[in-house]
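Computed over heavy atoms, backbone and side chain alike; hydrogens, waters and symmetry mates excluded. All residue numbers refer to positions in the sequence shown, counting from 1.
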Amino acid sequence: MQQPVITTFGWVPEFARGFVRDLRPRWAFEEVGQPYTVDYIDIEFSKTQAHRAFQPFGQVPTYRDDEVEIFESGAMVLRIAERAGKLIPAETPGRMKATQWLIAALNTVEPRVMALAINDLFEADQSWSKDRRPVVVATLDSGLADLAEALGDKIWLDGDMFTVGDLMMVSVLGGLRGTGVLDRHPRIAAYVERGEARPAHRKAMADHLAAFADAAAA
C-alpha cells in the first residue's frame, strides 16, 4: 500500500497558521495511525497549471494514494477513514450520520465562521464592515445555538464514538479561536476543547506548525 501524500503550503502569514486546511487530513491520519508524506509548495506554484491539473482552484491541500488523487479536505478525511476502516461506523445508518455531520460542518457551519473571518480580517478596513458585523455574529450565534441543542449532553455528535463528523466540526469551529464567540456557547466550547485535546489533534497541529517554524529558521 502506497503511503499517502498531501500537498500544502510550506509558508503562510502568521494569522493563517493553525488554520490551513491541511490540518484536517493530518488529524485524520493521526487518528487512524496512517503514516503519510507532505509535499510542501509555495503560493506561486499553487497557481501554476501543474498544480491546477490536480487542484483546479489553485488551493491546498491535495491528497493522493495508490488509487486516487483528490482535493477538498472533507473528501480527504472520508477517504482516510474509509481506507483505514476507522473514524466511521461500518453499518450504513451510522456511516451516513457521520457523513451528514461532516457535510453539515462544511456546508452549514463553516460559511458562518468564514463570514466572520472575512469581515474581521480581510474586509476590516471597508466602510461596511463595522455595520455588517452584528448581522454576521447573530447568524453565527444562531447556528452555534442550534448545534449546541443537537449535541445536547452527548460527548460527540452521535454519542460516544468520535467520527469524521466530529473531526470536521471541531476543525471548522477551531476557526473561531481568539474571537471570543465560543465563550457565549459553553457547550460548544467544551466540545471543541475535547476534540482539540485528543492526542491525534495535538500531534497534527504540532506538525502543521512545525513546517512554518522550519521555514522561518531556513
Side-chain angles (χ1 to χ4, degrees), residues 1-14 16-48 50-90 95 98-99 101-103 105-106 110 156 161-175 177 192 194-218:
M1 181 182 291
Q2 177 182 326
Q3 186 165 294
V5 179
I6 59 171
T7 299
T8 190
F9 293 134
W11 181 90
V12 295
E14 284 196 23
R17 298 175 187 182
F19 301 101
V20 185
R21 289 172 174 81
D22 65 281
L23 182 60
R24 299 169 182 181
R26 285 180 185 272
W27 185 4
F29 282 132
E30 296 297 338
E31 288 284 353
V32 306
Q34 170 64 61
Y36 64 99
T37 300
V38 182
D39 182 12
Y40 291 105
I41 64 172
D42 57 27
I43 294 174
E44 289 73 21
F45 181 78
S46 73
K47 305 308 177 185
T48 65
H51 183 69
R52 286 180 180 273
F54 194 2
Q55 215 294 356
F57 303 100
Q59 299 171 329
V60 296
T62 64
Y63 169 103
R64 66 181 183 272
D65 60 34
D66 51 357
E67 293 183 315
V68 304
E69 293 184 354
I70 56 176
F71 60 93
E72 290 298 332
S73 61
M76 295 174 207
V77 168
L78 281 172
R79 171 62 177 171
I80 293 164
E82 290 175 354
R83 195 172 189 236
K86 299 177 181 178
L87 283 180
I88 191 164
R95 186 170 70 253
T99 302
W101 280 117
L102 178 145
I103 295 172
L106 296 172
E110 188 163 42
W156 306 116
M161 180 180 179
F162 178 85
T163 73
V164 292
D166 296 294
L167 188 151
M168 192 58 64
M169 189 67 76
V170 171
S171 295
V172 165
L173 293 171
R177 279 186 230 109
V192 173
R194 285 196 296 275
E196 293 188 340
R198 294 176 70 87
H201 181 275
R202 291 182 175 179
K203 177 65 164 57
M205 179 65 81
D207 290 345
H208 167 82
L209 294 174
F212 309 131
D214 291 344

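- Side-chain atoms of R17 come within 3.5 Å of backbone N or O of V12 as a donor-acceptor pair.
- A side-chain N or O of R24 and one of S73 form a donor-acceptor pair less than 3.5 Å apart.
- A heavy-atom distance below 4.5 Å is not found between the side chains of Q55 and T7.
- A cation-pi arrangement, defined by a distance under 6.0 Å to the six-membered ring centre and an angle within 45 degrees of its axis, is absent between R194 and F162.
- Minimum interatomic distance between I88 and R95 (heavy atoms only, all atoms of both residues): CD1-CG, 3.4 Å.
- Scanning both residues, A81 and L87, for their nearest heavy atoms gives CB-CB, 3.9 Å.
- Residues I6 and P25 share a closest heavy-atom pair of CG2-CB, 4.3 Å.
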**Message:** Determine whether V5 and Y36 satisfy the following criterion, side-chain contact (heavy atoms from CB on, under 4.5 Å), listing intermediate values before the conclusion.
**Reply:** CA-CA 6 Å; V5 179; Y36 64 99; over 6 Å; no
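- Looking at R79 and P4, their side chains never come closer than 4.5 Å, going by heavy atoms from C-beta outward.
- With rounding to the nearest 0.5 Å, the separation of OG1 in T37 from CG in D65 is 12.0 Å.
- In this structure, H201 and W27 have perpendicular ring planes: the angle between them is above 60°, well past the 30° mark.
- Salt-bridge annotation for E30 and R198: absent, with no side-chain N of the basic residue lying under 4.0 Å from a carboxylate O of the acidic one.
- Side chains of V32 and R83 form no contact here, defined as non-hydrogen atoms less than 4.5 Å apart.
- Note that NZ of K203 is 12.0 Å distant from CZ of F29, once rounded to the nearest 0.5 Å.
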**Item:** Verdict with supporting geometry, T62 and H51, side-chain contact (heavy atoms from CB on, under 4.5 Å)
**Value:** CA-CA 9 Å; T62 64; H51 183 69; 3.8 Å; yes
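- The two residues R21 and E110 make their nearest non-hydrogen contact at NH2-OE2, 2.9 Å.
- Here CZ of F212 is found 9.5 Å from CZ of F9. Values are rounded to the nearest 0.5 Å.
- Contact detail for W101 and M169: the closest heavy-atom pair is CE3-CE, 3.8 Å.
- Using modelled atom types, one side-chain atom of R177 and one backbone atom of G18 make a donor-acceptor pair closer than 3.5 Å.
- Closest approach of F54 to Y63, counting heavy atoms only: CZ-O, 3.3 Å.
- Checked by atom type and distance alone, the side chain of D166 pairs as donor or acceptor with a backbone atom of T163 at under 3.5 Å.
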**Request:** Please report the C-alpha distance between L78 and V164 in whole Å, then the side-chain angles of each, then the deciding distance to 0.1 Å, and finally whether the side-chain contact (heavy atoms from CB on, under 4.5 Å) criterion is met.
**Result:** CA-CA 7 Å; L78 281 172; V164 292; 4.1 Å; yes
**Request:** Any chance you could lay out the side-chain contact (heavy atoms from CB on, under 4.5 Å) test for E31 and I80, step after step, and finish with the verdict?
**Result:** CA-CA 10 Å; E31 288 284 353; I80 293 164; over 6 Å; no
